[in-house]
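Written below as structure tokens is the structure these notes are about.
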Amino acid sequence: MAGTSSHGVPEGVPSREAPAAARAVWSRDFALFFTARAVARLGDTMLPVALAAGLLQHGYGAGAVGLAMAATAAAFAGLVVFGGVLADRFSTRRLMIGADLVRLGTQALAAALFFSGHVVLWQICVIGFANGVAGAVFQPGVASTVPRLASDVQGANGAIRVAESAAQLAGPAVAGLLVGFASPGGVFAAHATTYGISALCLLLLRLPPLPPGSRAVSGRGGRAFRSDLVEGWREFRARRWLWSVIAVWCLYMIAVWGPTVPLVASEVVREHGPRAYGLVNSALGAGTVVGGLLALRLRPLRMLRAGAIALVGFAAFPASVGAGLGVPAMATGAAVAGAGMSFWGVMWATSVQTQVPPDVLNRIHAYDVAGSLAMMPVGQALAGSAASALGADHVLLVAGAMSFAVCAALLLIPAVRGLVRADASGAGPARPAKSVDEPSRAQRC
């Protein structure tokens with residue numbers, strides 16, 4: 001790729017100023033936030049194992065496991081936009097600490113239920129719903145915290161992505177050991193502990209003040225809350241590159257990610273057994289680690305263009321399974337897919353965090369998360385009927401082809417492929433022009 005990075009080296013080439021970049025990332029406060037994210041991610045990847053093992057052990061079926069997970073996902077997806085408004089109006093650190101403490105309590109309660117042997121599905125679903133609400137309050141603040149703790153936002157996102165990917169690899173294995181040597185209740189207790197550690201780390205860190213020029217919060221009550229919500233949507237719509245990616249991502253969730261996750265699992269297990277699926281899944285996780293490491297080193301001038309090109313690699317995952325290739329080939333395809341997806345994720349997160357003004361960043365991130373997740377259940381729901389009509393292998397091959405189509409669509413949008421990284425010219429995030437009588441909002445720390 002042509003062009004230069006902000007350090008004056010050819011685009012896509014590792015910078016010679018890596019030590020300086022490292023200093024721009026690592027500090028006491030970022031290390032605390034990094035630890036909080038890594039530990040919490042470790043706990044989150046343990047939860048599916050705990051739910052499956054615990055509910056099946058108490059006589060419930062796979063449908064009950066799905067219902068318990070859906071309770072969390074529904075609460076999160078439905079409320080995260082409102083969480084973004086709260087995060088822009090109040091202290092993000094306090095909101096995140098509060099959310100962690102709520103989940104510490106709910107998971108400790110779940111552990112007590114499983115330890116006592118008194119497990120009722122509706123209670124587990126209520127606990128899951130409460131966790132989803134807490135997650136909706138927590139997640140928007142992540143976007144604005146990273147650029148306030150590290151001047152090298154891309155490096156910070158890359159480091160966090162590597163840690164979360166490593167945690168995702170380790171989490172299911174740790175949960176399996178706990179289930180085997182203790183009980184599902186032990187996994188829930190460990191999960192509760194991870195939220196306690198996360199809350200402690202967030203309690204110890206100190207966020208610097210918002211950059212000069214951030215606008216002041218005005219107004220309280222329901223009308224002001226609705227005004228904040230509308231303003232966040234207005235700011236979201238004003239950035240063509242932002243809503244264009246989310247629109248394309250809805251197609252990606254329906255045609256690629258949605259069918260790939262369940263159909264790859266069923267096909268690999270059916271044809272090669274659960275151990276093979278474990279190997280393929282581990283290869284996917286290892287690939288995400290590699291993608292995060294690459295994102296630490298490569299500094300493309302046009303980040304979304306580079307990320308979209310890397311995302312092409314995801315096609316290797318569904319296509320290799322759909323083509324009926326051997327386990328080594330499928331594992332290789334999964335690793336390539338994980339690297340591409342991870343690299344795209346860092347490029348996207350960094351673009352949002354550096355191109356959007358800090359006083360609306362949490363709301364825009366919330367719209368981003370909600371829009372990105374909205375179509376995933378649709379894709380998963382359609383996967384079964386599509387596989388019945390066409391065959392799972394054909395659906396996966398179509399998903400591989402659609403990966404190319406989605407990446408091509410991203411690259412065909414001028415606002416996406418032409419977006420220049422914010423630190424290339426030293427300019428701050430641009431705000432679209434607006435009328436002088438429009439209400440102003442900002443985050444209080």
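Quick note: residue numbers are just sequence positions, from 1. The figures that follow rest on heavy atoms only: side chains count, while hydrogens, waters and symmetry mates do not.
Closest approach of Leu104 to Ala192, counting heavy atoms only: CD1-O, 3.1 Å. Shortest non-hydrogen contact noted between Asn362 and Ser144 is OD1-OG, 2.8 Å. Contact record, Ala315 with Gly400: CB-O, 3.4 Å, taken as the closest heavy-atom pair. In terms of heavy atoms, Ala370 sits closest to Ala77 at CB-O, 4.4 Å. In terms of heavy-atom proximity, Val162 sits nearest to Gly292 at CG2-C, 3.5 Å. Heavy-atom minimum distance, Val280 versus Ala334: O-CB, 3.6 Å.
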Q: Test side-chain contact (heavy atoms from CB on, under 4.5 Å) on Leu390 and Val398 and set out the steps.
A: CA-CA 10 Å; Leu390 304 174; Val398 170; 5.6 Å; no
Q: Check the pair Arg148, Phe33 against side-chain contact (heavy atoms from CB on, under 4.5 Å), reporting the backbone distance first and the verdict last.
A: CA-CA 11 Å; Arg148 293 172 69 183; Phe33 184 71; over 6 Å; no
Q.
Could you go through Leu304 and Arg417, starting from their C-alpha distance and side-chain angles, then the distance that decides it, and tell me whether this counts as side-chain contact (heavy atoms from CB on, under 4.5 Å)?
A. CA-CA 6 Å; Leu304 296 185; Arg417 71 169 183 270; over 6 Å; no
Q.
Between Met402 and Leu251, is the side-chain contact (heavy atoms from CB on, under 4.5 Å) condition met? List the steps.
A. CA-CA 9 Å; Met402 287 302 298; Leu251 173 63; 4.1 Å; yes
**Q.** Chi angles and distances behind the salt bridge (charged side-chain N to carboxylate O under 4.0 Å, His left out) call for Arg299, Asp152
**A.** CA-CA 11 Å; Arg299 305 281 167 152; Asp152 179 10; 2.6 Å; yes
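In this structure a side-chain-to-backbone donor-acceptor pair under 3.5 Å is present from Thr194 to His191. No side-chain donor-acceptor contact under 3.5 Å links Ser342 to the backbone of Gly338. Thr106 contributes a side-chain N or O that, together with a main-chain N or O of Arg103, makes up a donor-acceptor pair within less than 3.5 Å.
In this structure, Ile364 CD1 and Gln355 CD are separated by 11.0 Å, a value rounded to the nearest 0.5 Å. Rounding to the nearest 0.5 Å gives a distance of 11.0 Å between OH of Tyr367 and CD of Glu235. Expressed to the nearest 0.5 Å, how far CD1 of Ile197 lies from CG of Leu202 amounts to 12.0 Å. Remark: Glu164 CD to Arg161 CZ distance equals 6.5 Å, nearest 0.5 Å. Distance CG/Asp44 to CE/Met46: 10.0 Å, rounded to 0.5 Å. With values rounded to the nearest 0.5 angstrom, Cys407 atom SG is found 9.5 Å from Ile309 atom CD1.
Pro147 is listed as a side-chain neighbour of Leu361, based on a closest heavy-atom distance under 4.5 Å. For the pair Leu47/Gln107, a side-chain contact is recorded, criterion being any heavy-atom separation below 4.5 Å from C-beta on. At least one side-chain heavy atom of Met347 sits under 4.5 Å from a side-chain heavy atom of Gln154. With contacts defined as side-chain heavy-atom distances shorter than 4.5 Å, the pair Phe114/His58 qualifies. A 4.5 Å side-chain heavy-atom check between Ser403 and Val312 finds every atom pair outside the cut-off. Using a 4.5 Å cut-off on side-chain heavy atoms (C-beta onward), Leu205 and Arg93 make contact. Contact annotation: the side chain of Leu51 approaches that of Ile124 to within less than 4.5 Å [non-hydrogen atoms, C-beta and beyond]. Inter-residue side-chain proximity for Val416 and Val248 is flagged as unmet; no heavy-atom pair is nearer than 4.5 Å.
Side-chain contact, Gln353 with His365: no donor N or O sits under 3.5 Å from an acceptor N or O. When only modelled atom types and interatomic distance are considered, Thr72 and Asn131 share no side-chain donor-acceptor pair under 3.5 Å.
Residues forming a ring pair (Phe, Tyr, Trp, His ring centres under 6.0 Å) with Phe30 (at least two apart in sequence, or on another chain): Trp26.
With ring centers used as reference points, Phe236 lies 6.0 Å or more from Trp243. Ring centroid separation for the pair Trp348 and Trp249 does not come in under the 6.0 Å cut-off.
For the ring-ring contact (aromatic ring centres under 6.0 Å, His included) condition, no pair includes a residue of residues 117-175, sequence neighbours left out.
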